[in-house]
Each structure stands twice: as C-alpha cells, then as structure tokens.
Amino acid sequence: MATERQYQLVILGASGFTGQFVVEEVARAADSEDFRGPGLRWAVAGRNKKKLEEVLQTASQRLSKPQLKSDVDIILCDVSDPPSLAEMCKKATVVLDCVGPYRFYGEPVVKACVENGAHFVDISGEPQFLEGMYLKYNSQAAEKGVYIVGSSGFDSIPADLGVLFTRNSLKGTLTAVESFLSLKSGPKGTCIHDGTWQSAVHGIADEGNLRKLRKQLAYKPLPVVGKKMKRRGPVFYSNELKEYAIPFLGADASVVRRTQRYLYENLQESPVQYAAYVSVGGLTSVIKLMFAGLFFLLFTKFSCGRKLLIKFPKFFSFGYFSKEGPTQEQMDGASFTMTFFGEGYSQGYNPQDGTPNVKICTQVSGPEVAYVATPIAMVQTGVTILKDSSLLPKSGGVYTPGAAFSKTKLIERLNKAGLHFTVISKPEA
C-alpha cells in the first residue's frame, strides 16, 4: 500500500447531517500538535459539489477559518458508483465514512477501501453490518494491510475503550464490568437526526438475520475468569446511581465482547465480562419508556409499521428524533457520562480461588453524544491510524476500536479533544 497519498483523511458524506460536524472536527484536529509543521492533507467527498461547497463555507464561518474554502479539496463520488469510490480510495490514506444507514450504504465503501489500500473508519452502531463486514472482508483486509475499524463514534468508543481504561487502571486482574450511561439535556431538551432512528428501525426488524450471521461466525464462548457476573433484569433500580436503569440496546455489548475475544485469542489477555445499561430516571420515566418500547417493537414487525415509523420519526419518538435534527442550542446543552463499575482480583491473587477482592469505578464523560462526541471520536480514530501506525495490530483486518487501538495513544488524544477518561475510585484490597 502506498505510504504517501494525496490526502491523509477523506470525509465521505461530508454534506450529510453528521458529516458536516465531522468536517469541523477535522479542521480543529488539523491545528493540533499531531500536525504541526507539515499540516494535515484532507478532502471532503460526496455526490453534490454545491452542497459540499456549502458545508466548507459554513465550517469556515463557524470556525473563523476562511482558508477552508480554498485549501480543502472536493472529491465527487457516489456509493452506488464503484469506479468513483475506487478513485477516491486511491487518493486517501484513511476514509472517514459518514454515509448511513450502513446496512444499506456501508459495504461498497468497505469493499473499495480494501481493494484500493485505504484504511476505513465508520460510526456505525449496527451489529449486523459490523459483524457482516468482519465475516466478508477480514481475510482480504489482512492480506492488503488495510485496517477497517467500525463503531468509532459514540457507538462504541466510550464503552469499548472505557473497559480497557478500567482494566489498565486496576492493579490486578479485572474480571467484570458494568457500565451505566446517563444522558443530560439542557433547557431546550434534546433531539437526534432521523438517520439514527432509521438504523434502529431496520436493526430491530432484522434481528433474525443477525442471529443467522452469528451462527456463521461460530464464535466460541469466552472463558469466565473469576466469579460469573449476574445479569440484571429488563428494568431495575440501580443502587449505584439511585435511579432506574434498563439494558442498553445499542452495539456496545457486542463490540466489547468482540474486543475481549480478540485480546484473549491473539494477545492472551484475560477476558473481561461486560454488561451495558442506561439510566432512565424515576418510575414515571420507566412506565413511559415501557409503553414506547412495546409500541416501537410492534410497529417494527410489519412493513407498513416500519414505513410509518420512518415517515413520522418525531411523532413516534415523542420528539426525540426528527428529520431536522437538533438545534445548536440543544447540542450545546447536552452531555453524557458513562460510569464503569468493575471488580476483580488483586495482584498475586488467583481469580479461581474465591470472590473478587478489589473494586474500581471509572468514568467516560463528554459533550452531546451524536454530533459533538461522535465526530471527536471518529476523527481521533482516523488521526491515531495515521500517527500510531507502528502500535496497531501487526496485520490489517476488520477490527473493533478496542482491538485496533489497545496499544495506541487514542485515549490520550480523546482526553485532549474533549472525551474525558477518569478514575473515580480505586479502593485497595
């Protein structure tokens, strides 16, 4: 693969709702110490030249960087046109793919990257796409020396790297971790663009095919080190957070399991059991959520129901998802914390000899999840591929973030960029 290409980073889908914020984040990263001196060579890519010019114009105004309009090149390509994707990939070292839902538009980009020697980063929270790409392209990517790294946005950088951060912060053997996600909104509430809603609708509807895919992958169960972690119920009161919580239905748990499998099978590292939850507040919130969840599940079962869910996201999500997306004020007022409660065994203590004797609490926190935290995570993932290439796995392949970046400085970069990894408490044995 060519070491020097015309562009170090290319943002595909730069004029989409999420893509516009990734453009701004790349412009900020270009000013970081990683690119002092030679600078960062980057471009935006998509179908519509006018829209891409408008995105650069807006970014130049919002960031007070008039040079963006002239310094950043535009590449015209379309995910339905393989030759145009191939041309883009030949010019790029890393492609940041913002075109979703990935189950419909992701594979042509992965294929073009693998065939043309460009590394690939996405922000998919869709397990079927992520695991399907592993099944189809892992061997080919390994042969080509190409790194395909999925789920590099809010799904699932905080969870996947949060577990690794917790493990690395404990003196001893970490054996089990539970994470609790808390989302906060400002006075104007919160809202997410309907692209994420569409991915959820199609993902829930297609769960049967995900089960078939996992049978093909034929994962072996990971060994349980130490005490087996108890699974919580569908709704429970969290004594740690003093509010009700439910299992987190996103990709985090499956991504973390894949990372732990890779680290165990390839690096002989002790696997960590993991469960992901999200706090939902008081009893009234729980009742509302249960009704909404049942309603959503019922509608996803039928084609006409799915069409209605996708056509009227604002109505069916009680305003949480919309075709317009959030306002700047809503984004400014939103934030998240993901708290990790881990347990394990102190140094020199055999995990098979009894109950865990050390506990640790860590946290990943940051700004609004979808259009501030996600661009930060995606861009720093791309930067890490560029700057820490010697610390990546020895061969290319289709990787989770934790598998690809466990030995790199990605957590350090995320801390500087605004996603904060901290140890809350670490009592000794």
Side-chain angles (χ1 to χ4, degrees), residues 13 79-80 82 85 97-114 120-141 148-156 159-160 192 194-222 231 234 246-262 274-276 278 292-311 313 316-317 321 397-403:
V79 293
S80 63
L85 284 180
D97 183 12
C98 303
V99 184
Y102 290 93
R103 66 172 54 243
F104 301 129
Y105 306 115
E107 184 174 353
V109 189
V110 172
K111 186 172 187 287
C113 283
V114 171
F120 168 94
V121 174
D122 72 44
I123 45 176
S124 172
E126 305 162 51
Q128 190 176 337
F129 168 75
L130 296 164
E131 295 175 45
M133 293 305 95
Y134 175 81
L135 185 67
K136 289 184 79 169
Y137 294 100
N138 184 56
S139 297
Q140 200 179 339
I148 305 294
V149 188
S151 50
S152 295
F154 180 73
D155 289 312
S156 293
D160 202 17
I192 295 177
D194 79 323
T196 304
W197 173 259
Q198 288 180 38
S199 296
V201 170
H202 293 298
I204 298 290
D206 210 23
E207 272 189 330
N209 282 324
L210 177 58
R211 284 192 288 272
K212 287 178 191 170
L213 173 65
R214 284 176 173 163
K215 279 185 182 174
Q216 278 182 277
L217 286 162
Y219 291 134
K220 292 177 187 171
L222 279 172
R231 298 286 162 175
I246 61 172
F248 181 60
L249 298 177
D252 287 356
S254 64
V255 170
V256 170
R257 277 195 298 272
R258 286 173 58 215
T259 291
Q260 293 303 315
R261 177 172 283 104
Y262 172 84
Y274 175 70
V278 56
L294 288 168
F295 196 62
F296 182 81
L297 286 171
L298 183 66
F299 269 62
T300 58
K301 298 291 180 195
F302 308 99
S303 175
C304 59
R306 292 194 293 275
K307 283 175 185 171
L308 284 170
L309 288 170
I310 287 167
K311 192 171 183 182
F316 286 108
S317 69
F321 293 86
V398 178
Y399 289 99
T400 58

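Values in this document were obtained by computation on a predicted structure and should not be read as measured data.
- The minimum heavy-atom distance between Q128 and N209, with the atom names listed, is NE2-CB, 3.7 Å.
- Nearest approach of V398 to N138, heavy atoms of both residues: N-OD1, 2.9 Å.
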- Message: Between Y134 and I148, does the side-chain contact (heavy atoms from CB on, under 4.5 Å) criterion hold? Intermediate values first, please.
- Response: CA-CA 9 Å; Y134 175 81; I148 305 294; over 6 Å; no

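- The two residues L213 and G132 have their closest heavy-atom pair at CD2-N, 3.5 Å.
- Here NZ of K307 is found 14.0 Å from CZ of F302. Values are rounded to the nearest 0.5 Å.
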- Task: Under the side-chain contact (heavy atoms from CB on, under 4.5 Å) rule, what do H202 and T300 come out as? Steps first, then yes or no, please.
- Result: CA-CA 8 Å; H202 293 298; T300 58; over 6 Å; no

- Message: Would Y219 and R257 count as a side-chain contact (heavy atoms from CB on, under 4.5 Å) here? Give the steps.
- Response: CA-CA 10 Å; Y219 291 134; R257 277 195 298 272; over 6 Å; no

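- Shortest non-hydrogen contact noted between P101 and S199 is CB-OG, 3.6 Å.
- At most 12 heavy atoms of other shown residues, nucleotides or ligands fall within 6.0 angstrom of atom OH in Y105.
- For the pair D252 (side chain) and A159 (backbone), a donor-acceptor distance under 3.5 Å is absent.
- Below 30°, between 30° and 60°, or above 60°: for W197 and F321 the angle between ring planes is between 30° and 60°, a tilted geometry.
- Ion pairing between D206 and R103 holds under the 4.0 Å rule for side-chain N and carboxylate O.
- Separation of the F316 and F299 ring centroids falls under the 6.0 Å cut-off.
- Residues D155 and V255 are not in side-chain contact: their nearest non-hydrogen atoms beyond the backbone lie 4.5 Å or more apart.
- A side-chain donor from one of Y137 and E107 sits under 3.5 Å from a side-chain acceptor of the other.
- D160 CG to R258 CZ: the interatomic distance, rounded to the nearest 0.5 Å, is 9.0 Å.
- Among residue pairs with one or both ends in residues 207-221, those qualifying as salt bridge (charged side-chain N to carboxylate O under 4.0 Å, His left out) are E131-R214; sequence neighbours excluded.
- Between atom CZ of residue F120 and atom CG of residue D97 there is a gap of 4.5 Å, rounded to the nearest 0.5 Å.
- In terms of heavy atoms, V121 sits closest to S152 at CG1-CB, 3.6 Å.
- Using modelled atom types and a 3.5 Å distance limit, the side chains of S151 and S124 yield no donor-acceptor pair.
- In this structure, R261 CZ and T259 OG1 are separated by 10.5 Å, a value rounded to the nearest 0.5 Å.
- Residues C98 and G13 approach most closely at CB-O, 4.0 Å, considering heavy atoms.
- Atom OH in Y274 sits 10.0 Å away from atom OG in S254 (nearest 0.5 Å).
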- Item | Evaluation steps, side-chain contact (heavy atoms from CB on, under 4.5 Å), between V149 and D122 | CA-CA 7 Å; V149 188; D122 72 44; over 6 Å; no

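- Counting only heavy atoms from C-beta outward, the side chains of P108 and L85 approach each other to under 4.5 Å.
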